[in-house]
S.K.: 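After the structure tokens below, expect a handful of questions from me.
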Amino acid sequence: MKTAPTPEVIDRLKKEYPDADTELEWSNPLELLVAVILSAQCTDVRVNQVTDSLFEKYRSAEDYAAAPREELEEDIRPTGFFRNKAKSIQGMARAVIEDHGGEVPRTMPELVALPGVGRKTANVILGNVFGVNEGVVVDTHVKRLSNRLGFTDEENPEKVERDLIPLVGEKDRTLFAHLLIFHGRRICKARKPLCPDCLLNDICPSAEI
DNA sequence: CTCCCGATAT
DNA sequence: ATATCAGGAG
């Protein structure tokens, strides 16, 4: 399988989406961490609808830890998987209090050790909050576009990440994920990709025009 | 691998 | 009717 040149892809998408950034709304590390946990298998639009009021009610890790489980479940219900997510958020909050003095930790091992936090979520926090780009965020969009563009043949997200790391300079990794996510939502959609409208269709191995 | 959740698009 | 949505745990 051929592969599109990564720098060219980044360059073109950067011009198309100069404002590419997270579309989750947050104002501190804990808020982004909660928003990312809620974002699993859910659109960012819906997450933002929920967090708009959630973040007024829960202002600290202590607030999440102290809440009755069932009440938190109702507060996040529209994001789906609400029982698992409420359990994750409370487990995360308690671990943050117990092990990190109520502050979101800044290293990969510490983040991944939190309940409900995997490499994808950890990479989002490290990149967007702390400017640390040792890894690459591989979510459903980054995985799909990386497969279609020929950056990797792997299906497992962690293997996809290992293939992407040498292809993307550390400085570009956070932007890279945002660019692929923007393009994935608008053009390179999962179900019916709009290849004729895609600015990468001349260098994409999967393009069908 | 399955389960978790439900709104939306196709 | 079914695939998909900023995944992670058991």
Side-chain angles (χ1 to χ4, degrees), chain A residues 13 17 19-26 29-52 54-55 64 69-70 72-96 104 108-130 133 135-148 151 154-161 164 168 173-197 208:
Chain A
L13 292 179
Y17 311 112
D19 300 320
D21 196 356
T22 178
E23 298 194 87
L24 296 170
E25 293 167 5
W26 59 284
L30 182 66
E31 287 188 359
L32 183 59
L33 184 48
V34 171
V36 177
I37 290 173
L38 294 178
S39 72
Q41 296 295 295
C42 179
T43 62
D44 283 4
V45 174
R46 190 169 299 279
V47 172
N48 290 334
Q49 287 172 356
V50 166
T51 56
D52 184 49
L54 189 75
F55 293 160
Y64 291 107
R69 174 70 54 87
E70 205 170 81
L72 180 57
E73 288 177 354
E74 288 311 309
D75 290 335
I76 65 172
R77 180 183 262 277
T79 66
F81 298 165
F82 57 92
R83 293 186 187 87
N84 285 345
K85 288 175 182 177
K87 185 177 180 182
S88 292
I89 290 170
Q90 287 201 317
M92 173 278 290
R94 286 166 185 157
V96 163
V104 176
M108 176 61 72
E110 290 173 316
L111 284 166
V112 174
L114 300 173
V117 178
R119 277 197 71 88
K120 178 262 175 178
T121 300
N123 275 322
V124 171
I125 300 303
L126 288 173
N128 290 276
V129 178
F130 301 123
N133 292 289
V136 178
V137 172
V138 178
D139 72 331
T140 182
H141 298 292
V142 173
K143 173 186 167 308
R144 183 179 68 254
L145 270 68
S146 293
N147 286 138
R148 288 180 176 168
F151 296 157
E154 300 290 350
E155 293 296 329
N156 179 293
E158 294 195 11
K159 293 182 179 176
V160 172
E161 186 183 356
L164 290 177
V168 186
R173 286 177 191 163
T174 297
L175 176 63
F176 174 79
H178 289 144
L179 291 172
L180 263 56
I181 291 166
F182 262 58
H183 195 58
R185 285 177 177 152
R186 291 158 181 73
I187 304 293
C188 194
K189 298 187 288 184
R191 202 146 178 190
K192 188 184 163 197
L194 307 177
C195 296
D197 299 329
E208 293 181 11

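A, B, ... follow the sequence lines: proteins, then strands. Residue 1 opens every chain.
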S.K.: Is A:Arg77 close enough to B:dC5 that one of its side-chain N or O atoms is under 4.0 Å from OP1 or OP2 there?
M.R.: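 Checking A:Arg77 against B:dC5: no side-chain N or O falls below 4.0 Å of OP1 or OP2.
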S.K.: Mind calculating the distance between CD (A:Glu73) and C1' (B:dC4) to the nearest angstrom?
M.R.: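 Distance, rounded to whole Å: 12 Å.
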S.K.: Answer yes or no: is there a side-chain heavy-atom contact under 4.5 Å between A:Leu111 and A:Val104?
M.R.: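 Answer yes - side chains close enough.
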S.K.: Give a yes/no on whether any side-chain N or O of A:Arg83 is located under 4.0 angstrom from OP1 or OP2 of B:dC5.
M.R.: yes
S.K.: Report yes if the ring of A:Phe81 lies under 5.5 Å from the six-membered base ring of B:dC5 with planes under 30°, and no otherwise.
M.R.: no
S.K.: I'd like to check A:Val138 versus A:Lys120 (side-chain heavy atoms, cut-off strictly below 4.5 Å). Are they in contact?
M.R.: no
S.K.: Distance-only, no hydrogens or angles: does the A:Asn48 side chain make a donor-acceptor pair with backbone N or O of A:Glu23 under 3.5 Å?
M.R.: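 Yes: the side chain of A:Asn48 pairs with the backbone of A:Glu23.
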S.K.: What's A:Lys85 touching, base or sugar-phosphate or nothing? Going by heavy atoms closer than 4.0 Å.
M.R.: nothing
S.K.: Could you tell me the separation between the CD atom of A:Glu158 and the P atom of C:dA9, rounded to a whole number of Å?
M.R.: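 These atoms are roughly 11 Å apart.
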S.K.: If you look at every heavy atom in A:Tyr17 and A:Ile187, which pair is closest and at what distance?
M.R.: OH-CG1, 3.9 Å
S.K.: Whole-Å distance between C:dA6 P and A:Leu179 CG?
M.R.: 16 Å
S.K.: Rounded to whole angstrom, note down the P distance from C:dT4 over to B:dC1.
M.R.: 16 Å
S.K.: Within the structure shown, what part of the strands sits under 4.0 Å from A:Val142 by heavy-atom distance: base, sugar-phosphate, or nothing?
M.R.: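 Nothing: the residue A:Val142, judged by heavy atoms under 4.0 Å, touches no strand.
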S.K.: Looking only at atom P, what distance separates B:dA7 and C:dG8, rounded to whole Å?
M.R.: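 It works out to 23 Å between them.
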S.K.: C:dG7, C:dC5, C:dA6: which one has an atom nearest the side-chain heavy atoms of A:Arg144?
M.R.: C:dC5
S.K.: Is there a side-chain polar atom (N or O) of A:Thr121 under 4.0 Å from OP1 or OP2 of C:dA6?
M.R.: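 It does not, given that no N or O in the side chain of A:Thr121 lies less than 4.0 Å from OP1 or OP2 of C:dA6.
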S.K.: Whole angstrom is fine here: how far is it from CE in A:Met92 over to C1' in C:dG7?
M.R.: 15 Å
S.K.: Reading DNA chain C from 5' onward, which residue's closest nucleotide shows up sooner: A:Val36 or A:Lys87?
M.R.: A:Val36
S.K.: Nearest to the side chain of A:Val137 - B:dT10, C:dA6, B:dG6?
M.R.: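 Of the candidates, C:dA6 comes closest.
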S.K.: To the nearest Å, give me how far apart CD1 (A:Ile76) and C1' (B:dG6) are.
M.R.: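 Rounded to the whole Å, the gap is 13 Å.
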S.K.: How many whole angstroms separate atom CZ of A:Phe82 from atom C1' of B:dA7?
M.R.: 14 Å
S.K.: Expressed in whole Å, how much space separates the P atoms belonging to B:dC4 and C:dA1?
M.R.: 23 Å
S.K.: Looking for any heavy atom pair under 4.0 Å, which part of the strands does A:Thr22 touch: base, sugar-phosphate only, or nothing?
M.R.: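 If one applies the 4.0 Å heavy-atom cut-off, A:Thr22 turns out to touch a base.
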S.K.: The side chain of A:Lys120 is closest to which nucleotide in this list: B:dT10, B:dC5, C:dG7?
M.R.: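 Selected nucleotide (nearest to the side chain): C:dG7.
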S.K.: What does A:Leu24 touch in the nucleic acid at a heavy-atom separation under 4.0 angstrom: a base, only the sugar-phosphate, or nothing?
M.R.: base
S.K.: Measure from the side-chain heavy atoms of A:Asp139 and tell me the nearest of B:dT10, B:dC5, C:dA6.
M.R.: C:dA6
S.K.: Counting distance alone, no hydrogens or angles: does the base of B:dT8 have a donor or acceptor under 3.5 Å from a partner atom on the side chain of A:Arg191?
M.R.: no
S.K.: Grab the CD-P distance between A:Glu155 and B:dC1 for me, whole Å please.
M.R.: 11 Å
S.K.: By nearest atom, which of the nucleotides C:dG7, C:dC5, B:dA7 is closest to the A:Arg46 side chain?
M.R.: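 Ranking C:dG7, C:dC5, B:dA7 by closest atom to the A:Arg46 side chain puts B:dA7 first.
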S.K.: With the threshold set at 4.0 Å, does a side-chain nitrogen-carboxylate oxygen contact exist between A:Lys85 and A:Glu73?
M.R.: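 Not counted as a salt bridge, because no side-chain N and carboxylate O are separated by less than 4.0 Å.
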S.K.: Indicate yes or no for a side-chain donor-acceptor contact from A:Arg119 to the backbone of A:Glu158 under 3.5 Å, with no hydrogens or angles considered.
M.R.: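 Here the side-chain-to-backbone pair does not exist.
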S.K.: In whole angstrom, give the distance that lies between atom CG of A:Leu145 and atom P of C:dA6.
M.R.: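 It is 12 Å, rounded to the nearest whole Å.
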S.K.: Of the nucleotides B:dG6, C:dG7, C:dC5, which one has an atom closest to the side chain of A:Ala40?
M.R.: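 For A:Ala40, the side-chain atoms sit closest to C:dG7.
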S.K.: Determine the interatomic distance between P on B:dC3 and the same-named atom on C:dA6; round to the nearest Å.
M.R.: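 These two P atoms come out 24 Å apart once rounded.
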S.K.: Report yes if a side-chain nitrogen or oxygen of A:Lys189 is closer than 4.0 Å to either non-bridging phosphate oxygen (OP1 or OP2) of B:dT10; otherwise report no.
M.R.: yes
S.K.: Between A:Ser88 and A:Asp44, who's closer to the 5' end of DNA chain C by nearest nucleotide?
M.R.: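 Taking each residue's closest nucleotide, the earlier one in sequence belongs to A:Asp44.
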S.K.: Can you see which heavy atom on A:Ala86 is nearest to which on A:Arg69, and at what distance?
M.R.: CB-CD, 3.9 Å
